[in-house]
Amino acid sequence: MNLDIKLRKVIQEAVLTLFNQSVEQLQLQPTNIEFEGSHTLVCFPLTRISKLKPEETGLAIGNYLVEHSGIVARFNVVKGFLNLVISDSVWMQVFESIYADPSYGITSPTGKEIMVEYSSPNTNKPLHLGHLRNNFLGYSVAEIYKALGHTVHKVQIINDRGIHICKSMAAWKLFGNGETPESSGLKGDKLVGKYYVEFDRNYKAQCKQLEEQGVSKEEAEKQAPIMKLAVQMLQQWEQKDTETLKLWSTMNGWVYAGFDSTYKRMGVDFEKLYYESTTYLLGKDEVLRGVEQGVFFKKEDGSVWVDLTADGLDQKVLLRSDGTSVYMTQDIGTAILRFRDFPKIEGQVYTVGNEQEYHFKVLFLILGKLGYEWAKKCYHLSYGMVDLPTGKMKSREGTVVDADDLMDEMVEEAEKQTRELGKIEDSTEQEIRDLSEMIGLGALKFFLLKVDPKKRMLFDPSESIQLQGHTGPFIQYTHARIKSILRKADSLNIQPDVASLKNVTSLEPAEREVIFKINQYSTKLQEAAREYSPAVVANFAYELAKEYNQFYQAIPIFNEADHAKLKFRIAFSQVAADTIKKAMRLLGIQVPEKM
RNA sequence: GGUCUCAUAGCUCAAUUGGAUAGAGCAGCUGCCUUCUAAGCAGCAGGUUGCUGGUUCGACUCCAGCUGGGAUCACCA
């Protein structure tokens with residue numbers, strides 16, 4: 001049984017015995033470093049029950065625990081805080097149970113299913129820094145839920161339809177001269193992105209020219225020939241014009257090939273892809289059904305609305321007067337379709353930036369009004385924007401940080417530092433490149449995941465590329481370091497086993513700290529899932545690595561004369577490395593054997 | 001303007017969800033490689049938690065107001 005749970009139980013027992021009353025909630029927290037002990041009971045809330053001063057309450061409980069618990073060796077009371085010292089034999093038991101359990105931290109299947117949506121880019125531009133945060137977050141949240149025994153379906157919706165892709169198509173048709181990814185050597189998404197920029201450039205020039213001829217701004221924006229072409233192509237697309245459809249699917253195909261290689265490098269994956277072009281009509285029936293049921297209403301011009309003023313929001317349009325769908329309509333259809341495809345899922349997690357908070361509030365309310373119980377189990381994993389030192393990323397100002405370029409830079413920097421440190425002399429060129437890839441991506445992922453998803457964050461390229469300190473590579477390094485010890489132990493034929501652990505009766509403070517951290521793993525995992533926050537896992541991995549390094553620096557392992565203790569330290573290092581690896585895996589970060 | 005949200009060391013982030021003297025990293029300064037990997041460890045310095053009130057044994061955390069950022073409120077996606 002988990003130590004914290006055990007401790008809570010005996011404290012509850014103490015309170016019941018001493019004060020003749022039961023308590024549900026106990027405030028148990030880690031002890032501050034300046035006091036002796038590992039667990040601290042906050043006594044203030046208990047004074048109502050004990051009818052004693054906080055100090056006296058702590059003293060009474062402390063004495064009881066030392067005498068009856070078999071867990072607590074001694075204690076001290078500072079103000080209203082009862083600091084408990086857990087006996088080393090108990091710490092050893094905790095360690096032993098983790099060590100002996102090969103599936104520690106892996107929960108058996110719960111039978112619960114959820115869906116996680118992430119990425120969901122438009123198909124007119126390459127992926128950028130914002131998508132990286134999105135992808136790493138969504139992927140990691142999915143992995144965290146999997147680790148807790150849930151079945152998770154990773155999906156995305158691809159916005160392959162609409163005026164944005166038609167803009168790229170229009171520009172390509174006018175200026176492309178048949179250019180392809182093959183002919184240009186450009187990645188497909190980059191090529192299509194290039195024509196999107198080309199569209200914008202020409203569109204602006206045409207607008208300006210028209211305005212100089214005396215046309216009003218609004219009129220110019222409509223009349224610009226290139227825009228007229230894009231709009232015309234959208235209409236032709238909707239009329240299923242063969243030639244337009246062909247170009248559309250060709251260019252989208254280029255984009256998907258480009259995205260695929262980027263996703264592969266990022267290490268993210270999807271079980272199923274939803275395409276807007278195939279789902280955009282599905283919401284319409286549901287909306288019309290809603291009109292019949294009276295949850296929506298129709299205006300005189302034929303447009304359909306939902307009234308959310310009772311929920312503190314306003315009225316939203318669901319179908320245009322010409323009967324066509326809006327974005328919201330599509331999302332209604334897609335959500336319902338997903339629950340049909342995966343009938344066992346309890347809910348959905350939408351990994352989408354916080355600028356769409358209002359949209360999802362409305363979406364979930366509407367799904368609830370349509371009578372879908374699962375609407376309550378839908379969650380918008382809303383994350384903050386990634387800012388640059390210069391402010392927001394603006395495509396028109398060319399300040400967008402491209403995902404592929406950024407990964408290249410990070411890996412390049414990792415390789416540079418790896419070679420400078422010169423620890424890899426016996427490695428092949430290929431091994432150095434693989435290692436650099438692992439470190440560069442580890443740095444990037446950790447950087448984006450260590451921050452609370454809800455908060456907007458700053459990406460300063462010069463600082464973000466750091467590989468020391470509170471970073472992924474620091475943790476990767478700690479893992480590699482431990483592996484080096486394990487290799488040495490193996491070569492010395494030191495084989496740790498459960499039996500020899502029984503002969504270890506005392507622990508060094510640094511060892512206790514590491515066991516304490518490792519013991520927190522499952523609690524942290526649950527917290528991360530509850531909060532939809534990989535940052536909890538990231539910071540746990542960092543703290544564990546930090547604690548281990550302190551142990552590593554303080555205690556030379558192989559100098560130990562006591563053979564049982566030596567074996568324990570090898571076992572202990574093994575568990576630390578495994579836990580680091582497991583935690584990092586949930587972030588999508590690999591750890592090396594050597595670095 | 002309405003609604004939502006954020007503000008913590010010079011910079012980037014934490015703070016066990018109301019608990020002790022608010023912690024890390026980077027940047028700066030000082031030590032530690034003849035011993036298991038110095039991408040490390042130890043230490044110094046750095047704070048009126050945006051401001052003003054309130055709630056209570058206790059507030060970075062909750063409430064109100066103010067200041068300053070950001071988002072959102074389209075028959076756009």
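Letters go in sequence order (proteins before strands), and every chain restarts at 1.
Contacts of Asp4(A) with the nucleic acid, taken as non-hydrogen atoms under 4.0 Å apart, are absent. Nucleic acid contact for Pro54(A): none, since no nucleic acid atom lies under 4.0 Å from a heavy atom of the residue. Among the heavy atoms of the strands, none lies under 4.0 Å from Leu318(A). Within 4.0 Å of Gln29(A), counting heavy atoms only, lies at least one base atom of the nucleic acid. Counting non-hydrogen atoms under 4.0 angstrom, Asn354(A) reaches the backbone sugars and phosphates but no base. At the heavy-atom level, Gln315(A) lies nowhere under 4.0 Å from the strands shown. Residue Thr418(A) is in base contact, counting any heavy-atom pair closer than 4.0 Å across all strands shown. Within 4.0 Å of Ala480(A), counting heavy atoms only, lies at least one base atom of the nucleic acid. Residue Glu34(A) is in base contact, counting any heavy-atom pair closer than 4.0 Å across all strands shown.
Look at the P atom in both rA27(B) and rU21(B): the space between them is 32 Å, to the nearest Å. Taking atom C1' in both rA22(B) and rC63(B), one finds a spacing of 22 Å when rounded to whole Å. Taking the C1' atoms as reference points, rA9(B) lies 24 Å from rG70(B), given to the whole Å. Taking atom P in both rA24(B) and rC41(B), one finds a spacing of 12 Å when rounded to whole Å. When the P atom is used for both rG25(B) and rA45(B), the distance is 15 Å, rounded to whole Å. The gap from the P atom of rG65(B) to that of rU61(B) amounts to 16 Å, rounded to the nearest Å. If you take atom C1' in rC60(B) and the same atom in rG28(B), they sit 27 Å apart, rounded to whole Å.
For Phe44(A), the side-chain atoms get nearest to rG19(B) when compared with the rest of rG25(B), rA71(B), rG19(B). Comparing rU16(B), rC36(B), rC26(B) against the side chain of Ile485(A) picks out rC36(B) as the nearest. The nucleotide whose nearest atom lies closest to any side-chain atom of Asn549(A) is, among rG40(B), rC36(B), rA71(B), rG40(B). For Val451(A), the side-chain atoms get nearest to rC13(B) when compared with the rest of rC13(B), rU35(B), rC76(B). Taking the side chain of Leu458(A) as heavy atoms from C-beta on, and the options rU37(B), rU17(B), rU12(B), the nearest nucleotide is rU12(B). The side chain of Pro45(A) has rG19(B) as its nearest neighbour among rA77(B), rG19(B), rA74(B).
In this structure the side chain of Met457(A) reaches within 4.5 angstrom of the side chain of Leu448(A), judged on heavy atoms. Side-chain contact check for Phe558(A) versus Ile570(A): some heavy-atom pair is nearer than 4.5 Å. Residues Pro121(A) and Phe259(A) are in side-chain contact: their nearest non-hydrogen atoms beyond the backbone lie under 4.5 Å apart.
One side chain, Asn83(A) or Asn76(A), offers a donor N or O that lies under 3.5 Å from an acceptor on the other. Side-chain contact check for Asp578(A) and Gln574(A): at least one donor-acceptor pair (N or O, by modelled atom type) lies under 3.5 Å. When only modelled atom types and interatomic distance are considered, Asn252(A) and Thr123(A) share a side-chain donor-acceptor pair under 3.5 Å. A donor-acceptor pair shorter than 3.5 Å cannot be found between the side chains of Asn354(A) and Tyr383(A).
Look at rU17(B): its glycosidic torsion is within 90° of 0, and that puts it in the syn range.
Phosphate proximity of rU37(B) to Lys483(A): absent, as no side-chain N or O sits under 4.0 Å from OP1 or OP2. In terms of phosphate contacts, Gln550(A) brings a side-chain nitrogen or oxygen within less than 4.0 Å of OP1 or OP2 of rA42(B). The side chain of Lys546(A) contributes an N or O atom lying less than 4.0 Å from OP1 or OP2 of rC41(B). The side chain of Ser484(A) places an N or O atom within less than 4.0 Å of a non-bridging phosphate oxygen (OP1 or OP2) of rU37(B). Under 4.0 angstrom from either OP1 or OP2 of rA38(B) there lies at least one side-chain N or O belonging to Arg481(A). Contact annotation: Arg320(A) reaches the phosphate of rA77(B) (side-chain N/O to OP1 or OP2, under 4.0 Å). Residue Tyr542(A) has no polar side-chain atom (N or O) positioned under 4.0 Å from OP1 or OP2 of rA14(B). At least one side-chain nitrogen or oxygen of Lys79(A) sits closer than 4.0 Å to the OP1 or OP2 atom of rU21(B). An OP1 or OP2 oxygen of rA7(B) is reached within less than 4.0 angstrom by a side-chain nitrogen or oxygen of Lys455(A).
Remark: rC66(B) base-pairs with rG50(B); criterion is Watson-Crick or G-U wobble with both hydrogen-bond distances under 3.5 Å. The partner of rA38(B) cannot be assigned: no Watson-Crick or G-U wobble pair with both contacts below 3.5 Å exists in any strand. Nucleotide rA22(B) has no partner under the Watson-Crick or G-U criteria, as no pair reaches both atom distances under 3.5 Å. Summarising the base pairing, rA9(B) is matched to no nucleotide, lacking a Watson-Crick or G-U wobble pair whose two defining distances lie under 3.5 Å. When both distances must be under 3.5 Å, the Watson-Crick or G-U wobble mate of rU3(B) is rA71(B).
Stacking annotation: Phe81(A) is not stacked on the base of rG19(B) (requires ring centroids less than 5.5 angstrom apart and an interplanar angle below 30 degrees).
Looking at Glu415(A) and Arg433(A), no side-chain N of the basic residue comes within less than 4.0 Å of a carboxylate O on the acidic one, giving no salt bridge.
The 5' end of RNA chain B is approached more closely, in terms of each residue's nearest nucleotide, by Asp460(A) than by the other of Asp460(A) and Leu435(A). Each of Ile557(A) and Tyr358(A) lies near RNA chain B, and the nucleotide nearest Ile557(A) is the one positioned closer to the 5' end.
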